[in-house]
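Quantities reported herein were computed from a predicted structural model and do not represent experimental measurements. Numbers here simply count residues along the sequence, with the first being 1.
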Amino acid sequence: MSLENFNAEAEIEHIVAWIRDWFANNGPKANAVIGISGGKDSSIVAALLVKALGKDRVVGVLMPNGEQKDIADSKKVVEVLGIKHFIVNINPAVEGEYEALRAAGVEIGKDAIINTPPRIRMTTLYAVAQSLPEGGRVTNTCNRSEDWVGYSTKYGDAAGDFSPCSDYLVCEMLQIGDALGLPKELIHKTPSDGLSGMSDEDKLGFTYATLDHYVLTGEIEDQATKEKIDRLHRLNLHKLQTIPMYKRS
């Protein structure tokens with residue numbers, strides 16, 4: 001599919017139908033539980049869930065790590081969609097984990113510092129889901145562009161029970177968000193992990209537009225960028241695969 005013939009409205013109907021079918025088979029009465037960051041992906045996926053299941057079956061979870069500067073955006077999402085939500089500050093859990101590691105003599109690495117909060121957020125989502133009287137299913141909000149280069153945390157935001165939008169590139173997600181009528185300041189805000197002070201694109205070293213065009217067409221002007229994307233894709237394929245299991249002969 002090319003960007004020229006991408007039909008956001010039609011894709012919305014396909015996704016909604018898929019969500020309904022998945023829940024019919026995997027939790028007919030269960031709620032969809034979703035982490036709400038205030039960014040485009042969680043906002044769009046939450047809106048699709050509401051469209052598919054109704055607002056009474058969608059539960060948003062806001063999970064600041066201490067102070068979240070854009071927490072107002074997260075609150076706006078649940079307000080616009082009219083969904084029930086919880087605010088769980090994960091900072092005590094994150095700091096408690098770091099403290100326990102240090103007490104055990106572990107010198108905490110940079111990657112551990114970056115990836116521990118997303119993993120604790122996923123733990124929180126499952127705790128909420130398993131605490132709901134009617135049960136819950138945890139939503140993965142990743143998109144294809146981020147998955148392609150591994151811009152997610154294994155067993156963190158890359159986890160979940162079902163993934164409605166993992167086959168859609170960032171450029172397609174933006175069109176879906178606009179077609180859903182979501183606030184443009186949420187859908188088109190500069191994506192950031194909220195940790196480094198840098199945008200996602202600054203950290204990656206290339207734009208999502210460049211990445212999306214390459215994924216769709218195989219074409220890219222800058223050879224160095226091509227090599228970087230290809231390398232990231234190879235290194236991070238394990239995040240998209242089920243855990244390897246030895247099978248005895």
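- A donor-acceptor contact under 3.5 angstrom links the side chains of Thr153 and Asn115, judged on distance only.
- Counting only heavy atoms from C-beta outward, the side chains of Arg121 and Asn65 approach each other to under 4.5 Å.
- Two residues are said to be in side-chain contact when any heavy atoms from C-beta on lie closer than 4.5 Å; His85 and Val59 fail this criterion.
- Looking at heavy atoms from C-beta onward, Phe86 lies out of side-chain contact with Met63 at the 4.5 angstrom threshold.
- Within a 6.0 Å sphere centred on CZ of Arg20, other residues, nucleotides and ligands contribute more than 12 heavy atoms.
- Heavy-atom contacts from other residues, nucleotides or ligands closer than 6.0 Å to CD of Gln223 number more than 12.
- Cys165 pairs with exactly one of Asn143, Leu48, Asn140 by the side chain to side chain contact (heavy atoms under 4.5 Å, CB included) rule, that one being Leu48.
- At least one side-chain heavy atom of Leu182 sits under 4.5 Å from a side-chain heavy atom of Leu81.
- Side-chain contact of Asp212 with Ser145: a donor-acceptor pair under 3.5 Å is present, judged by distance alone.
- Residues meeting the ring-ring contact (aromatic ring centres under 6.0 Å, His included) test with His213, sequence neighbours left out: none.
- Between Lys84 and Val78 there is no side-chain heavy-atom pair separated by less than 4.5 Å.
- Looking at Ile108 and Arg102, their side chains come closer than 4.5 Å, going by heavy atoms from C-beta outward.
- Under 3.5 Å, the side chains of Ser37 and Ser42 contain a donor-acceptor pair of N or O atoms.
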